[in-house]
Amino acid sequence: MKIAVFGGTGRLAKEFVLSAISSSHELSWFLQINDEPDLADNQYLRIIRGATSDISKYQETVRGTSSVFVSFDPQHTDPRQFVYQQKMIILAMKRESVDRLVLVTSHGSGQSKHQLDWSTWAQINLNQIKYLLNGIASANNICWSILAQYTAQEQVVVNGSIPQDIVVPSNEQSHLEWTIIRPGFLTDQMATGTYLASDQHVFGGFIACADVVDCAIKALEDHMDIGKYFSVAYSSRVS
């Protein structure tokens with residue numbers, strides 16, 4: 001399978017690349033100029049570098065692939081860029097006639113916010129809290145919660161939105177076949193294969209990055225669960 005990967009060198013994006021190439025999937029990985037992937041050359045991996053405002057680089061990444069994996073990490077991607085970059089990815093997909101998309105956001109996004117406990121909320125929003133304490137954020141230029149940014153990103157995918165200043169001709173329009181995965185709090189432990197992936201809402205819980213990636217790859221390989229949201233964690237408690 002040929003997969004385009006967006007998410008820079010964030011935890012899940014890098015884990016996805018390592019896992020997918022070990023299974024001989026062919027990857028195109030979009031990185032910014034200064035990103036350091038710290039990976040050895042691999043016959044299954046092609047790296048495309050460019051600015052996040054350059055649609056030609058998004059298209060180059062998507063071109064020739066059959067599906068797209070997206071996972072933005074707030075430690076590596078400014079949360080204010082989640083929606084803009086997602087719209088650019090969708091535009092590139094439409095222009096390159098690629099329909100399949102798996103997006104990883106976070107437990108607490110969208111309707112799953114009703115199952116979010118305070119400790120998980122604090123962990124997820126730690127980077128945003130740092131912005132506030134440093135006086136960087138204001139009500140006029142940034143959404144206060146990272147979870148709200150993830151929620152907005154999900155809506156962009158569901159609606160197939162592109163940048164407002166760009167008109168897509170009818171021959172470039174396509175219908176996205178999306179799956180959205182909402183993991184619990186991420187850990188760096190080894191994969192277990194014992195996680196719960198439920199289209200109901202999981203109450204909190206932890207999960208290894210490797211198991212989130214396993215779930216994403218299975219969704220892409222099986223081409224199933226289109227148009228569904230999945231909560232993923234080591235938990236049997238669902239709403």
Worked check of side-chain contact (heavy atoms from CB on, under 4.5 Å) between I89 and Q86: CA-CA 5 Å; I89 292 166; Q86 186 62 65; 4.1 Å; yes
Any side-chain donor near an acceptor of the partner, R46 and S28, under 3.5 Å: yes
Side-chain heavy-atom pair S53, Y84 within 4.5 angstrom cut-off: yes
V102 vs V68 side-chain heavy atoms within contact, under 4.5 Å: no
side-chain hydrogen bond (donor to acceptor under 3.5 Å, both in side chains) contacts touching residues 208-221 (sequence neighbours left out): H25-E221, T192-D211, Y195-D214, D211-Y234, D214-K218
ILVMFWY cluster, L31 and Y44 together (side-chain gap under 4.5 Å): yes
Connected via hydrophobic side-chain network under 4.5 Å: L27 and L39: yes
Shortest non-hydrogen contact from P37 toward I47: CG-CD1, 4.0 Å
For the student: nearest non-hydrogen atoms of A92 and V62, plus distance: CB-CG2, 4.1 Å
Pairwise side-chain contact, D35 with R49, heavy-atom cut-off 4.5 Å (strictly under): yes
Student check: side-chain heavy atoms of T65 and I3 closer than 4.5 Å: no
R100 side chain reached by T179 side chain, heavy atoms, under 4.5 Å: yes
4.5 Å side-chain heavy-atom contact, F206 and Q189: no
Closest non-hydrogen atom pair, H107 against S231: ND1-OG, 4.4 Å
Pairs meeting criterion salt bridge (charged side-chain N to carboxylate O under 4.0 Å, His left out) with involvement of residues 8-25, two or more places apart: R11-D188
